[in-house]
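Take a look at the structure set out below.
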Amino acid sequence: MESVYQHFRKEEREFIDKVFGWKQFVTEQYRPKLTDFLDPREQKIIKTLIGENPDVHVQFFGGYKNAERKRAFFYPDYIQPTLDDFSMFAFEIMFPKKFVTLSHREVLGSLMSLGLKRSKFGDIIIHDETVQVMVAQEIANFLQLNWNKIGKISVRLKQIPFEDVFSHEEEMDISLITVSSLRLDAVLANVYHQSRQKIKSLIENSLVKVNWKIVEDAHFEIAEDDVLSVRGFGRSKVLAIEGKTRKDKWRIKIGIQK
């Protein structure tokens, strides 16, 4: 097991153990296992660990083609997965669009205030005035009964078919940067053209996330496919770590959210 752990971050060990537990369940029980919604980093860990396993297969679905957060469906080879196996609903939030607008932060905050775990709902999509959210089937009735306000705005939920979900691809500016180390503060300082000290302060004040989780350690080492977000500066993604230059600096391809 230690040989597996060494390829991942220390804080990811708990999730790795969960993945092996799900795999063992399918192998021993010979029946499928559905997870909650997972972020892209967790999905990548699963793909790495399961690979081309002949006994346990896995598929992901988040409600639409370019979904970020998805549920994973582990299954033995006798099953052919369908959309129903992912047990999720797509809802459109109905509200008085002529008078108000809703932001991603407001919708997310309102959902969390109901006492729900973040893993029970997927992407929140805002397209012009339309707001859609993917939710786990097990919380759908609860939401329809209890989610009637976002702030002071009255809302109601309308279930929609998955084909009516807006599929969008995040637009990014691609740039190539060189940094002295893969430390979080060094990379972010270069990406957002800020001083290391300023970035370090933001990190220490819990304003920086890596893969949707707050990181308060400036020495944290970034890896390929990491999604970085800094409050007030936006989001970026580590697309590739292309090795070192002749001057021993790291060359990194970064996508910066437009």
Side-chain angles (χ1 to χ4, degrees), residues 7-12 15 37-48 60 62-70 101 103-108 118 122-128 132 134 165-258:
H7 298 292
F8 300 93
R9 294 173 173 138
K10 195 179 293 183
E11 62 270 19
E12 292 172 335
F15 184 73
F37 285 95
L38 307 169
D39 65 44
R41 174 65 183 174
E42 291 168 329
Q43 295 166 39
K44 183 174 182 180
I45 291 172
I46 289 174
K47 289 173 186 172
T48 303
F60 300 89
Y64 65 106
K65 182 185 174 185
N66 298 315
E68 198 168 71
R69 299 177 66 84
K70 299 175 183 177
T101 57
S103 69
H104 188 282
R105 184 179 293 181
E106 287 170 326
V107 176
L108 177 58
R118 182 64 183 94
D123 288 2
I124 297 165
I125 303 157
I126 298 180
H127 181 84
D128 296 331
Q132 299 170 335
M134 308 302 114
V165 175
F166 287 107
S167 182
H168 68 286
E169 197 141 6
E170 193 171 59
E171 291 186 17
M172 289 187 161
D173 287 323
I174 310 298
S175 63
L176 201 60
I177 64 171
T178 52
V179 288
S180 55
S181 81
L182 297 177
R183 280 176 44 150
L184 182 60
D185 59 345
V187 174
L188 291 177
N190 193 304
V191 171
Y192 295 110
H193 308 293
Q194 301 293 316
S195 69
R196 288 270 287 266
Q197 200 54 44
K198 163 88 173 179
I199 293 296
K200 193 175 178 183
S201 173
L202 291 170
I203 292 170
E204 290 170 352
N205 284 287
S206 306
L207 298 176
V208 172
K209 290 183 180 180
V210 179
N211 299 324
W212 300 270
K213 295 174 180 69
I214 292 171
V215 172
E216 296 175 329
D217 179 11
H219 292 80
F220 184 93
E221 195 167 287
I222 62 102
E224 279 191 2
D225 294 321
D226 278 349
V227 175
L228 318 172
S229 62
V230 183
R231 180 83 61 83
F233 290 89
R235 210 158 81 159
S236 54
K237 182 173 182 178
V238 182
L239 300 175
I241 296 174
E242 300 187 344
K244 287 193 169 184
T245 66
R246 288 181 181 176
K247 294 184 178 180
D248 207 35
K249 289 194 170 187
W250 289 98
R251 187 186 293 109
I252 305 172
K253 185 186 284 186
I254 291 276
I256 303 169
Q257 189 181 47
K258 288 185 179 180

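Keep in mind the model is a prediction, meaning the values are calculated, not measured.
- Note on R235 versus E68: salt bridge recorded, some NZ/NE/NH1/NH2 to OD/OE distance being below 4.0 Å.
- Closest approach of T245 to R251, counting heavy atoms only: CG2-NH2, 3.6 Å.
- With contacts defined as side-chain heavy-atom distances shorter than 4.5 Å, the pair L38/F15 qualifies.
- In terms of heavy-atom proximity, I256 sits nearest to S175 at CD1-OG, 3.9 Å.
- Judged by distance alone, with hydrogens and angles left aside, the side-chain atoms of E216 form no donor-acceptor pair with the main-chain N or O of N205 at under 3.5 Å.
- With contacts defined as side-chain heavy-atom distances shorter than 4.5 Å, the pair M134/K70 does not qualify.
- L184 places none of its side-chain heavy atoms less than 4.5 Å from the side chain of D217.
- Atom CD of Q197 has 12 or fewer neighbouring heavy atoms from other residues, nucleotides or ligands inside a 6.0 Å radius.
- Exactly one of H7, R41, E42 qualifies for a side chain to side chain contact (heavy atoms under 4.5 Å, CB included) with E12. That residue is R41.
- Comment: D225 engages K44 in a salt bridge, judged by a side-chain N to carboxylate O separation of less than 4.0 angstrom.
- In this structure, a donor-acceptor pair under 3.5 Å is absent between the side chains of N211 and D39.
- Considering only heavy atoms from C-beta on, H104 stays 4.5 Å or farther from I125 through its side chain.
- Listed by first and then second residue, the salt bridge (Lys or Arg N to Asp or Glu O under 4.0 Å) pairs involving residues 188-201 are D185-R196 (not counting sequence neighbours).
- Applying the ring pair (Phe, Tyr, Trp, His ring centres under 6.0 Å) definition to pairs two or more places apart or across chains, none involves residues 195-228.
- With sequence neighbours excluded, the residues forming a side-chain contact (heavy atoms from CB on, under 4.5 Å) with S167 are Y64, K65, N66, listed by chain and number.
- At a threshold of 4.5 Å between non-hydrogen side-chain atoms, the residues T178 and W250 do not count as touching.
- Aromatic ring orientation, F166 versus H127: parallel (interplanar angle below 30°, classes split at 30° and 60°).
- Annotation: K213, atom NZ; neighbour count of heavy atoms from other residues, nucleotides and ligands within 6.0 Å is above 12.
- Contact check on E221 versus R9 returns no salt bridge, with no Lys/Arg side-chain nitrogen under 4.0 Å from an Asp/Glu carboxylate oxygen.
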Under the side chain to side chain contact (heavy atoms under 4.5 Å, CB included) criterion, do I241 and I222 qualify, and how do the steps go? CA-CA 10 Å; I241 296 174; I222 62 102; 4.1 Å; yes

